[in-house]
Amino acid sequence: MTDTIERATTAPTAPAAPAAKMTARGVSVFYGDKKAIDDVSIDVSQENVTAFIGPSGCGKSTFLRTLNRMNDTIPSARVEGRIELEGENIYASSMDVVQLRARVGMVFQKPNPFPKSIYENVAYGPRIHGLASGKADMDVIVEKSLRKAGLWDEVKDRLQDSGTALSGGQQQRLCIARAIAVDPEVILMDEPCSALDPIATAKIEELIHELRGRFAIVIVTHNMQQAARVSQRTAFFHLGNLVEYGETSEIFTNPRETRTKDYITGRYG
Ligand SMILES: Nc1ncnc2c1ncn2[C@@H]1O[C@H](COP(=O)(O)OP(=O)(O)OP(=O)(O)O)[C@@H](O)[C@H]1O
């Protein structure tokens with residue numbers, strides 16, 4: 001744990017009360033009769049990387065998925081409460097879910113590029129959202145997105161190769177480029193490094209640092225060192241409850257709640 005604490009204290013500190021990009025108020029999530037998330041309220045800002053931590057099954061992924069309505073794809077899932085993106089209720093019947101998921105992009109645990117070329121993986125979103133006016137414009141979007149995802153130099157000479165032929169870490173950066181290509185406001189990452197080796201993991205963590213501020217980033221991680229390294233705000237979940245949410249350095253060095261302390265000191269998890 002010493003390692004965690006040292007890293008946490010050297011992480012950049014969050015500015016005071018940054019404006020919220022997304023707000024959740026009184027959010028509960030049910031799978032059938034089972035309540036997986038109980039009355040969670042949280043703000044997510046653009047300036048900070050926000051980490052969701054907590055033991056397996058505590059509801060981190062469930063709550064993350066409420067932020068871009070990915071739970072809509074699970075028939076038994078039901079969401080109560082209010083979630084706003086820039087003041088707009090994302091569960092309103094007028095909300096276009098395809099647009100919402102472009103504004104709030106997602107990167108999954110297992111890299112999931114389309115079985116298409118590297119170029120097409122990135123171009124697909126801008127094409128369906130009508131963001132490019134022609135081939136030259138699309139080329140610019142693809143290059144910019146791959147550059148922002150730290151992948152351009154590795155793939156610029158083989159853009160027509162299949163995305164699935166890349167290494168796992170490269171595939172994950174391709175998925176990040178794909179999310180970036182539609183110019184999202186928020187990027188949700190659900191354990192984005194859990195299938196990667198330490199070197200590929202370090203590259204994704206570096207990338208998260210670089211993307212911080214341009215996009216609001218929310219990351220679910222099992223790895224407390226990772227939360228301490230990449231985030232400025234940390235939310236600790238336990239049994240569907242949000243136990244504590246605050247500056248990452250505070251959560252790791254001076255948690256207010258006993259349950260948080262027990263978790264970060266490895267007493268359970
Ligand atoms: N599709 C689903 N149908 C029914 N129950 C589900 C579904 N997905 C998750 N759950 C349940 O909801 C609770 C929260 O699960 P969730 O996956 O959100 O937790 P988590 O903290 O992300 O866990 P992990 O760290 O293991 O991924 C668990 O009890 C889980 O079994």
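Each ligand, and each atom within it, is numbered from 1 in the order the structure gives. All residue numbers in this chain count up from 1 along the given sequence. Since we're looking at a predicted model, the values are computed, not measured.
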Per the under 4.0 Å non-hydrogen criterion, ligand 1 touches Tyr31, Lys34, Ala36, Pro55, Ser56, Gly57, Cys58, Gly59, Lys60, Ser61, Thr62, Arg65, Ile74, Glu191, His222
Parallel under 30°, tilted from 30 to 60°, perpendicular over 60°: which one fits the rings of Phe52 and Phe237? perpendicular
Qualifying side-chain hydrogen bond (donor to acceptor under 3.5 Å, both in side chains) pairs, either residue in residues 163-175, two or more places apart: Glu154-Gln170, Glu154-Arg173, Ser162-Thr164, Ser167-Gln170
List, by chain and then residue number, the residues other than Phe30 in its hydrophobic cluster (Ile/Leu/Val/Met/Phe/Trp/Tyr, side-chain heavy atoms under 4.5 Å); write none if there are no others. none
Closest approach of Lys21 to Gln46 (non-hydrogen atoms, all atoms of both residues): CE-OE1, 3.1 Å
Would you say that more than 12 heavy atoms from the other residues, nucleotides or ligands in this model lie under 6.0 Å from the NZ of Lys110, or not? no
Distance-only criterion, 3.5 Å: show the donor-acceptor pairs between side-chain atoms of residues 196-203 and protein atoms not counting sequence neighbours.
from   : atom 1 : to     : atom 2 : distance (Å)
Asp197 : OD1    : Ile199 : N      : 3.1
Asp197 : OD1    : Ala200 : N      : 2.8
Thr201 : OG1    : Asp197 : O      : 2.8

